[in-house]
There are 2 protein chains.
Amino acid sequence: MAEQAETLRRTPLSRDRIMRAAVALADATGLESLSMRNLAQNLGVVPMALYKHVANKDELLDGMIDVVVGEIDPLVPDAGWKQAVRARILSARQVLLRHPWAPLAIESRNMATPAALAYLNSMVGTFRAGGFSADLAHHVMHAMGSRILGFSQELFDASRNAGRTGPTDPAPPAPLPPEVAARFPHLAEIATAASHDDASVVGQGCDDQFEFEFALDLLLDGIERLQQQGWTSFSAPARRAPDSH
Amino acid sequence: MAEQAETLRRTPLSRDRIMRAAVALADATGLESLSMRNLAQNLGVVPMALYKHVANKDELLDGMIDVVVGEIDPLVPDAGWKQAVRARILSARQVLLRHPWAPLAIESRNMATPAALAYLNSMVGTFRAGGFSADLAHHVMHAMGSRILGFSQELFDASRNAGRTGPTDPAPPAPLPPEVAARFPHLAEIATAASHDDASVVGQGCDDQFEFEFALDLLLDGIERLQQQGWTSFSAPARRAPDSH
DNA sequence: TACCGTAGGTGTACGCCGTACACCTGTCAA
DNA sequence: TTGACAGGTGTACGGCGTACACCTACGGTA
């Protein structure tokens with residue numbers, strides 16, 4: 001029975017269990033305090049045990065990214081490309097709000113993981129099915145950039161710290177200190193102009209969700225316009241063919 | 001004279017000299033192989049000497065970011081907002097091509113450095129001077145996202161490795177392996193569709209400069225349209241008021 | 001000229017990290 | 001019964017950031 005207790009106490013390790021534990025740990029304590037030793041302890045196991053399932057820490061990170069990407073909602077069928085892309089990207093954003101360490105992890109790795117490739121592939125497929133040329137789909141993927149994965153490089157983003165002090169600590173929206181406001185009046189102005197509620201580049205209120213959708217729609221509308229006027233490489237980049245106003 | 005030689009051999013340390021050496025070292029060998037010990041050796045000095053001028057490694061990174069941001073061309077006077085913004089961002093992009101480690105450094109830090117704040121502030125000022133409301137300027141800054149600093153989160157970007165193997169090694173544009181192409185046909189298609197020459201998310205040819213300008217102009221044109229039709233919070237996000245085609 | 005405070009470089013040491021490598025142990029096929 | 005092998009263990013190494021005590025050279029004052 002002692003050994004039964006043992007068996008119950010520690011489910012055997014597996015690559016999948018490691019990945020999920022790593023994601024949970026990063027969610028809870030932030031990416032920079034996720035170490036192999038840490039993670040092993042969390043799993044009730046000695047550090048080197050992990051290496052029987054994961055080649056090294058980089059592979060661990062790749063696996064974590066795959067877990068995150070796998071949480072993005074599947075394609076909704078029977079929707080126009082614009083609706084489909086919009087829904088998927090907003091889902092990706094929700095996923096990343098649960099895993100604020102993911103953008104940094106993604107950017108620090110340099111090869112695409114299979115799950116990420118599959119996601120990008122199906123996104124391209126959506127554009128192609130919507131009547132986009134391969135060329136236009138290509139450029140459009142670049143234009144969307146990181147927004148396709150639900151984040152957009154907020155530059156100096158309070159939410160990046162989310163896990164660091166524990167998710168229960170909602171980071172008081174510190175107002176812009178006056179001497180800073182004086183040195184950067186334009187920033188001070190836009191910081192107070194928008195009636196929002198979260199913190200980003202400006203220390204003040206700003207509704208990230210609103211900003212995200214604003215930018216996303218700005219892009220999607222521009223893309224729609226390109227596609228509807230029959231984009232080809234030689235007619236389109238706005239620089240060359242500014243449309244009439 | 002021995003001491004003269006000494007004096008010549010080692011210019012005294014200074015915060016500025018440290019920052020410039022750090023940037024050069026990161027340019028040459030990549031961010032992940034930049035350590036305090038490494039940098040100290042490079043400066044002919046013992047590691048702890050650096051700490052007389054720099055509080056810790058995070059502050060070093062902040063200083064490096066300031067150096068990079070400081071290299072962005074100043075505002076060109078007497079240009080329309082669109083030209084001014086475009087020129088500045090393309091300059092930022094050139095700077096980041098010289099310092100491929102910078103996006104990761106920027107994303108890994110979470111507070112804005114003074115130089116970055118000054119840059120963002122003057123960018124907002126350009127929009128304001130161009131007749132944008134503070135509100136619209138705010139949203140537009142978010143919409144541009146990391147592109148404002150000359151990069152755009154390429155997700156899986158070959159150039160991120162640039163320094164790692166030395167800048168003289170131009171990373172042969174490895175073609176997409178066939179089994180990958182088979183699993184992700186849409187990616188394979190757009191990889192070969194565009195007639196470009198560098199590597200990014202797709203292993204194949206792709207002119208990053210073209211893509212960058214394509215996306216930048218897509219955004220700028222969308223922004224121009226918003227501003228010209230007198231944007232206000234309640235009329236604009238494209239979702240609510242799709243313009244007529 | 002003698003002194004001393006201080007700025008700035010040095011040396012040692014600590015506790016983390018990732019992980020190589022040898023080892024043990026329990027399970028299952030033959 | 002045995003022996004291969006999958007999977008967990010223990011030890012150890014080199015590298016990291018950096019705390020802390022130390023030394024040393026110089027500039028200002030008496």
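What's counted below: heavy atoms across the whole structure, side chains too, no hydrogens, waters or symmetry copies. Every chain is numbered from 1 and lettered A, B, ... according to where its sequence line falls, protein lines coming before strand lines.
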How many Å lie between CG on A:Leu39 and P on C:dC17, as a whole number?
11 Å

From CG of A:Leu50 across to P of C:dC17 the rounded distance in Å is 13 Å

In whole angstrom, what separates B:Arg15's CZ from C:dA7's P?
17 Å

Count the heavy atoms belonging to other residues, nucleotides or ligands that lie under 6.0 Å from CD of B:Gln209, then report whether that count exceeds 12.
yes

Hydrogens and angles aside, do B:Asp27 and B:His99 bring a side-chain donor and acceptor to less than 3.5 Å of each other?
yes

Checking A:Thr126 against A:Arg88: is there a side-chain donor and acceptor pair closer than 3.5 Å?
no

Quickly work out the A:Met48 CE to D:dG7 C1' distance and round it to whole Å.
12 Å

Among the nucleotides C:dT10, D:dC16, C:dC17, which one has an atom lying closest to any side-chain atom of B:Val45?
C:dT10

Where do N or O atoms of nucleotides 22-29 of chain C meet protein N or O atoms at under 3.5 Å, pair by pair?
none

Sub-4.5 Å side-chain heavy-atom contact between B:Leu39 and B:Leu60:
yes

Got a salt bridge between A:Glu213 and A:Arg93, using NZ or NE/NH1/NH2 to carboxylate O under 4.0 Å?
no

B:Ile72 side chain near B:Ile89 side chain, heavy-atom distance below 4.5 Å:
no

Taking atom P of C:dG15 as reference, at what distance in whole Å does atom CE of A:Met36 sit?
23 Å

Can you tell me if B:His53 touches the phosphate of C:dG9, counting only side-chain N or O atoms and a distance under 4.0 Å to OP1 or OP2?
yes

Determine whether the side chains of A:Thr113 and A:Asp62 contain a donor N or O and an acceptor N or O closer than 3.5 Å.
no

Looking only at the side chain of A:Pro47 (C-beta and beyond, no hydrogens), which of the listed nucleotides C:dG9, D:dG8, C:dT19 gets closest?
C:dT19

Atom CD of B:Gln41 and atom P of D:dG15: how far apart are they, to the nearest Å?
11 Å

To the nearest Å, give me how far apart CZ (B:Arg37) and C1' (C:dC16) are.
12 Å

In whole Å, I'd like the distance from the NZ atom of A:Lys57 to the P atom of C:dC17.
8 Å

